[in-house]
Amino acid sequence: MTRPVEIPALLGPTASGKSALALELAAALGGEIVSADSMQLYRGLDLGTAKPSAAEQRQIPHHLIDVLDLEAPSDVFSYVAMADAAIADIAGRGRVPVIAGGTGMYLKALFYGLDDLPRDAGLRARLDAEYDSEEGFAALLRRMAAEDPAALERWSRHRRRLIRALEVRLLTGESIIALQSRAGSGLRHPVRAWVLEWPREELKRRIAERTRLMLDSGWIEEAERLLSAGLAATPTARQALGYGLIGEYLAGRMGYGELAERIATATWQLARRQITWFRHQHPEAAPLAMPAAAGELLADLQKRHSALSSLRGEG
RNA sequence: GGUGGGGUUCCCGAGUGGCUAAAGGGGGCAGACUGUAAAUCUGCUGGUUGUACCUUCGGUGGUUCGAAUCCACCCCCCACCA
């Protein structure tokens with residue numbers, strides 16, 4: 001079995017053109033796309049997540065898109081497990097996995113790994129029920145002061161992280177902070193990563209334009225359908241940006257102009273968080289100035305690929 | 001034309017004599033990030049060479065030791081009456 005010498009990975013904020021470039025890369029290299037997008041995992045979240053179209057998915061095989069029902073929970077570990085499997089599968093068939101995505105935490109965990117601290121779904125559900133509310137938060141703070149002061153100090157405002165810290169504490173008797181190896185030393189896969197970068201104003205403009213386009217091409221209807229099917233009550237998919245705002249629009253609480261503006265703003269805020277993440281959490285990734293450098297990257301990778309293929313006697 | 005309400009820092013909006021460069025929210029900027037991450041959370045946000053000075057609350061003038069806050073006139077907006 002031939003293992004690829006390197007796995008190209010395209011990281012970048014929303015609306016930076018990852019999907020399109022990944023498609024070109026995969027086509028040029030004989031590859032298949034491995035998505036790293038927490039929301040495109042879900043069947044049904046289509047227009048709202050700018051998911052690759054059915055035609056695009058026919059043209060190039062995509063992995064980790066449409067693999068979960070809306071009601072299914074998702075988390076980094078299950079993502080990494082699925083991504084590892086997809087990469088192994090693709091490489092095992094002698095194809096090139098092309099990673100593309102914007103979910104920083106998933107990408108970092110896939111590239112560098114995560115401490116496998118214990119978890120217990122039942123316990124977690126109980127803790128959530130008890131503490132994941134405004135009233136519960138105060139009680140959680142009191143309990144953590146006794147159970148795990150170090151975790152409390154680190155995440156004094158993060159309800160979710162404190163609940164997870166308490167879960168680990170109850171399961172192991174130790175503080176999650178002591179158990180974290182904070183390793184992340186070596187790459188788990190031979191990735192060669194780039195971060196797609198755009199001039200600020202241009203990315204903002206792309207986001208605003210894409211928002212309008214998405215709203216005008218069926219996102220509102222999609223949201224209406226999913227919302228009435230219970231999207232708001234799902235554990236993870238409900239966090240997808242925009243659907244809730246569309247719900248408010250449909251309820252008459254804002255006009256179309258305001259809706260478009262608020263979604264564009266929220267999307268820009270997401271993009272900023274992504275940019276910050278990639279700026280600080282991914283030393284392995286090289287900046288790729290869009291749109292100019294996309295063509296060069298394509299040509300460069302194509303050249304390397306054909307050289308490697310002929311070395312292996314495949315070309 | 002008349003009566004009433006209103007014009008506040010990028011936006012909305014509180015503030016009716018000193019504790020006000022001015023609450024709060026939004027936006028913006030920077031950052032964090034180990035099993036819900038398109039999530040969750042933190043800091044900064046008038047200017048300048050630091051707790052000092054300068055500029056700012058529609059405009060002008062006035063009262064006062066001191067005004068976004070009081071007075072006069074003017075400009076603009078909204079509601080209702082004509």
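The chains referred to below are lettered A, B, ... by the order of the sequence lines, with proteins before strands, and numbering in each begins at 1. Fair warning: this is a prediction, and the values are worked out from it, not measured in the lab.
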Colleague: Counting distance only, does the side-chain N/O of A/E222 pair as donor-acceptor with the main-chain N or O of A/L47 below 3.5 Å?
Modeller: yes
Colleague: How do A/V168 and A/Q274 order along RNA chain B: which one's closest nucleotide is nearer the 5' end?
Modeller: A/V168
Colleague: Any ion pair linking A/E32 and A/R93 (charged N to carboxylate O, less than 4.0 Å)?
Modeller: yes
Colleague: Using a cut-off of strictly less than 4.0 Å, decide whether A/R272 has a side-chain nitrogen or oxygen near OP1 or OP2 of B/C29.
Modeller: yes
Colleague: Without decimals, in angstroms, what is the distance between A/H158 NE2 and B/C41 C1'?
Modeller: 3 Å
Colleague: If the threshold is 4.0 Å, N to carboxylate O, is there a salt bridge linking A/D66 and A/K51?
Modeller: yes
Colleague: By the 4.0 Å heavy-atom rule, please label A/Y106 as base, sugar-phosphate, or nothing.
Modeller: sugar-phosphate
Colleague: Answer yes or no: does a side-chain N or O of A/W268 lie under 4.0 Å from OP1 or OP2 of B/G28?
Modeller: yes
Colleague: Under 4.0 Å, counting only non-hydrogen atoms across every strand here, what does A/R157 touch: a base, just sugar-phosphate, or nothing?
Modeller: sugar-phosphate
Colleague: Under 4.0 Å between a side-chain N or O of A/R273 and OP1 or OP2 of B/A37?
Modeller: no
Colleague: Does a side-chain N or O from A/R124 land closer than 4.0 Å to OP1 or OP2 of B/U36, or not?
Modeller: yes
Colleague: Pick base, sugar-phosphate or nothing for A/R200, based on heavy-atom distances below 4.0 Å to the nucleic acid.
Modeller: sugar-phosphate
Colleague: Which part of the nucleic acid, if any, lies within reach of A/W155 when heavy atoms closer than 4.0 Å are counted: base, sugar-phosphate only, or nothing?
Modeller: sugar-phosphate
Colleague: Using a cut-off of 4.0 Å on non-hydrogen atoms, how would the nucleic acid contact of A/D132 be classed: base, sugar-phosphate, or nothing?
Modeller: base
Colleague: Can you tell me the base-pairing partner of B/G61? Count Watson-Crick or G-U wobble geometry only, both distances below 3.5 Å, and say none if there is no partner.
Modeller: B/C71
Colleague: With rounding to the closest Å, how many angstrom separate the P atoms on B/U45 and B/A23?
Modeller: 10 Å
Colleague: With a 4.0 Å cut-off, would you call A/D132 and A/R160 a salt bridge?
Modeller: no
Colleague: Using purine N1 to pyrimidine N3 plus N6-O4 or O6-N4 for Watson-Crick, or N1-O2 and O6-N3 for G-U wobble, both under 3.5 Å, which nucleotide pairs with B/U3?
Modeller: B/A79
Colleague: Is the phosphate of B/G28, meaning OP1 or OP2, less than 4.0 Å from a side-chain N or O of A/Q269?
Modeller: yes
Colleague: So A/T236, base contact, sugar-phosphate only, or nothing? Heavy-atom distance under 4.0 Å.
Modeller: sugar-phosphate
Colleague: Is there, by distance only and without an angle test, a donor paired with an acceptor across the side chain of A/R161 and the base of B/A39 below 3.5 Å?
Modeller: yes
Colleague: A/H282 vs A/Y112 aromatic rings, parallel, tilted or perpendicular, using cut-offs 30° and 60°?
Modeller: tilted
Colleague: Could you tell me whether A/S74 contacts a base, only the sugar-phosphate backbone, or nothing, with contacts defined as non-hydrogen atoms closer than 4.0 Å?
Modeller: sugar-phosphate
Colleague: Paired with B/G24 by Watson-Crick or G-U wobble geometry, both distances under 3.5 Å: which nucleotide is it?
Modeller: B/C12
Colleague: Taking any heavy-atom pair under 4.0 Å as a contact, classify A/G242: base, sugar-phosphate, or nothing.
Modeller: nothing
Colleague: Does this structure show an ion pair linking A/E221 with A/R225, if we count only N-O contacts that are shorter than 4.0 Å?
Modeller: no
Colleague: Look at all strands and tell whether A/P235 reaches a base, only sugar-phosphate, or nothing, counting heavy atoms closer than 4.0 Å.
Modeller: base
Colleague: Rounded off to whole Å, could you give me the CZ-to-C1' distance for the A/R164 and B/C33 pair?
Modeller: 15 Å
Colleague: Start at the 5' end of RNA chain B and walk down; is the nucleotide closest to A/T265 or to A/K108 reached first?
Modeller: A/T265
Colleague: With a 3.5 Å cut-off and heavy atoms only, can you find an N or O donor on one side and an acceptor on the other between the side chain of A/D115 and the base of B/U34?
Modeller: yes
